[in-house]
J.: 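Below: one structure in structure tokens.
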Protein chains: 2
Amino acid sequence: MTSLSARDPGSGSRPTMRQVAELAGVGIKTVSRVINGEPNVTPETAQRVLDAAGALDYQPDLHAGNLRRSDRRTRTLGLLVGSVDNPFSGAVHRAVEDAAVGRGVAVFASSLDDDPQREREAVAAFLRRRVDGLILVTATADQTYLEPELRRGTPIVFVDREPSGIETDAVVSDNAGGAARAAEHLLAQGHRRIAYLGDLRSIQTARERLRGFLDALARAGVTAASVTEDLHDQDAAREALVRLLDAPDPPTAVFSAQNLITIGALHALRERGRHRDTALVGFDDVALADLLDPGVTVVAQHPEDLGRLAAERVFARLDGNDSPSQRIVVGTTLIVRGSGEIPPK
Amino acid sequence: MTSLSARDPGSGSRPTMRQVAELAGVGIKTVSRVINGEPNVTPETAQRVLDAAGALDYQPDLHAGNLRRSDRRTRTLGLLVGSVDNPFSGAVHRAVEDAAVGRGVAVFASSLDDDPQREREAVAAFLRRRVDGLILVTATADQTYLEPELRRGTPIVFVDREPSGIETDAVVSDNAGGAARAAEHLLAQGHRRIAYLGDLRSIQTARERLRGFLDALARAGVTAASVTEDLHDQDAAREALVRLLDAPDPPTAVFSAQNLITIGALHALRERGRHRDTALVGFDDVALADLLDPGVTVVAQHPEDLGRLAAERVFARLDGNDSPSQRIVVGTTLIVRGSGEIPPK
DNA sequence: CGCCCGTTTGACAACGATGTCATCACTAGT
DNA sequence: ACTAGTGATGACATCGTTGTCAAACGGGCG
């Protein structure tokens, strides 16, 4: 009795075209033709090859083929986002995957945690694997380092944040417009003491949102009750708003310019029992916002559209489109649920 | 003046070791040695090579190297989950990535939407790319088709759901135990009319949860007020619970055995204004559960642990560990927030 | 001074596939 | 019957890299 270990070299090694060819009694090039559906193979030969491939559970080595193939496409995309464990990134990722899967393209994903160092490492790791294109929510202030790769013809598309230092496609939300919309909504309810809670100033979208907010207030001849920036997590946002609520002359309305900041703000308002008399509008939707009481009014982004359009740009470039680089802006949607419609007292 | 197009073939082609070698005035093998940090290169030669590589923005081709290298590792992992756009999958994914990134391993992710056909296609797509290992939340009832690959030595680890038809590692939640815990909690509050809302019977974890729930009730000598299965989305769950609430003798407590079902149940309770007098315990945590009123009591899973442990199993196998396949069970945690502590009227 | 040995280096084959091209067997046209 | 054309097939070089091996060189030792 011959006991075969799990790492048995016989069954352990992967079959190659050569072995399939041998078993089918044909040349290796004929196997290649059958596997790739090339013409000029008799049906009987093709069947013999397919039988042999099936018997050996043969899977072609995409990378070996790619090495020799003229188009040099790995049918692989690299996606770089804030964190795959984050609803916004998840929605972008899913949209990219949906666009890719139909074309037989697989997607690498990497989380950057807004760390520029990690971005450079992750990009390098993907390029060494010869991805056909990159889609990234950049964490760096300047992407000049991508210039050589771009010149080589690798499509690079920015999502959510615009590129700086290089000329390439970008798909972004209308951050300033959305923030202005939020401000106008609160102004329309009669609010004149509106507080702004924002993310790190180093993030371009955060700056855009503040700009849109302040512009809208200025157009109405109103000055912001307060502007708090550099709130990078839920708890920092909560503490900041608690302080504002405890101070004399607290705001009658709050605009929270990011996801986690909105959640922190919700906690602060409940903590101080002010959630029924202080208006709140958030930027970017949050889960279960409709089940809260009052429901959370938000300016929603459309991450699925961002992801889909970015993937479409990459594929268009791969298909040879070399029109000048585009900047696609995706609109935002105000979703009225209650918290934004609380009037000033 | 020579105008260079963006797709210029000169700058458009990627530099190879040969070109680096030529520029540095050394043999190609010496470049290989420097790039891979092999010993026996004089510092001056190494510097010349690094300078040349830098000047050309050289990136080694991992796949070409892998073709020749003896270990045949692509430093790539395939992850198959329900959907990358889903908090549970996102947490698993992030944990896998965190374990992988330190080892220089990149992660392919694919969404299956519980479609067996997609699972087979996605697995094939990953194997053609020669991933070093697979981590999967299976969507198929039987995974015998993975047997040849497993015999070839590719580590395959199941997460969340157990394998069937093959013998391999699995990391799962204590589904029956967690469901029992939820039932016991409701029984302890004095409930005797408890409704069960569950996912598709075809999903193994759904069956486990029902089993745990019914066992706990049986131990207490109580029969379920109702058992509703095959609720695969939020809306189906909402409708089902609305029906139960409208019927004579509605339940005094509800156990919702999955994420989206819990959200559907929350909607139903609010819709009928019964959220303050009907107890609810959910399986798997939901975002913002603590901000609702009452807060949502849940039996939380630990997807980060599932992902981390699965990745560790894969790497252990790759490192040569060939102990018998393990089944690792990760416990659940009851998080008390209010909704589960409402007493029967 | 000659031998041995370790260090540094490059020539060459090989990994698994595909592109090119030559060969062979037929069929059709004259 | 002979030529040209077409379809089916395989030999061979090649993609970018690494493993193997041998050559060249210099230093230490008897």
J.: Distance check needed: D:dT14 C1' versus A:Asn66 CG, whole Å only.
T.: 14 Å
J.: Within this structure, what is the CZ-to-C1' distance between A:Arg128 and D:dT17, rounded to whole angstrom?
T.: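 So the CZ-C1' distance, A:Arg128 to D:dT17, works out to 15 Å.
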J.: Testing B:Glu119, B:Arg118, B:Arg120, B:Arg161 for side-chain hydrogen bond (donor to acceptor under 3.5 Å, both in side chains) with B:Thr140, which one passes?
T.: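 Of the listed residues B:Glu119, B:Arg118, B:Arg120, B:Arg161, the side-chain hydrogen bond (donor to acceptor under 3.5 Å, both in side chains) partner of B:Thr140 is B:Glu119.
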J.: Mind checking if A:Asn36 touches a base, just sugar-phosphate, or nothing, with heavy atoms under 4.0 Å?
T.: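 Result for A:Asn36 = sugar-phosphate.
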J.: With a cut-off of less than 4.0 Å, is there a side-chain N or O of A:Ser70 near OP1 or OP2 of C:dT18?
T.: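 Checking A:Ser70 against C:dT18: no side-chain N or O falls below 4.0 Å of OP1 or OP2.
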J.: Can you tell if the side chain of A:Val123 reaches within under 4.5 Å of the side chain of A:Glu149, non-hydrogen atoms only?
T.: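 The answer is no; the side chains never approach within 4.5 Å.
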J.: If we count only N and O atoms by modelled type, under 3.5 Å, do the side chains of A:Arg94 and B:Ser83 hold a donor and an acceptor together?
T.: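 Looking only at side-chain atoms, B:Ser83 and A:Arg94 do form a donor-acceptor pair, the distance falling under 3.5 Å.
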J.: Below 4.5 Å, heavy atoms only, C-beta onward: do B:Arg72 and B:Leu67 meet side chain to side chain?
T.: yes
J.: Below 4.0 angstrom from OP1 or OP2 of C:dT7, is there any side-chain N or O of B:Asn40?
T.: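 False: B:Asn40 side-chain N/O out of range (4.0 Å or more) of C:dT7 OP1/OP2.
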J.: Between B:Glu97 (side chain only) and A:Ser111 (backbone N and O only), is there a donor and an acceptor less than 3.5 Å apart?
T.: yes
J.: Could you tell me if the side chain of B:Gln59 sits less than 4.5 Å from the side chain of B:Arg14, heavy atoms only?
T.: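 A side-chain contact under 4.5 Å is absent here.
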J.: Decide side chain to side chain contact (heavy atoms under 4.5 Å, CB included) for A:Glu304 and B:Asp85; before the verdict, give the C-alpha distance in whole Å, the side-chain angles of both, and the deciding distance to 0.1 Å.
T.: CA-CA 10 Å; A:Glu304 325 76 35; B:Asp85 177 20; over 6 Å; no
J.: Could you run down the sub-3.5 Å N/O contacts of the protein with nucleotides 14-16 of chain C?
T.:
{"from": "C:dA14", "atom 1": "N3", "to": "B:Arg68", "atom 2": "NE", "distance (Å)": "2.4"}
{"from": "C:dC15", "atom 1": "O2", "to": "B:Arg68", "atom 2": "N", "distance (Å)": "3.3"}
{"from": "C:dG16", "atom 1": "N2", "to": "A:Ala64", "atom 2": "O", "distance (Å)": "3.0"}

J.: In whole angstrom, what separates A:Glu38's CD from C:dT18's P?
T.: 8 Å
J.: Among residues 20-34 of chain B, which ones have heavy-atom contacts with DNA chain C below 4.0 Å?
T.: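 Here the set is B:Val26, B:Gly27, B:Lys29, B:Thr30, B:Arg33.
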J.: Would you say A:His93 and A:Val81 make side-chain contact, with heavy atoms under 4.5 Å?
T.: no
J.: To the nearest Å, how far apart are B:Gln19 CD and D:dC15 C1'?
T.: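 B:Gln19 atom CD is separated from D:dC15 atom C1' by 13 Å.
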J.: Could you check B:Thr42 against A:Gln59 and say which one's nearest nucleotide on DNA chain C is further toward the 5' end?
T.: B:Thr42
J.: One pair to check against salt bridge (Lys or Arg N to Asp or Glu O under 4.0 Å): A:Asp57 and B:Arg152. What are the steps and the verdict?
T.: CA-CA 11 Å; A:Asp57 191 45; B:Arg152 244 165 238 138; 3.2 Å; yes
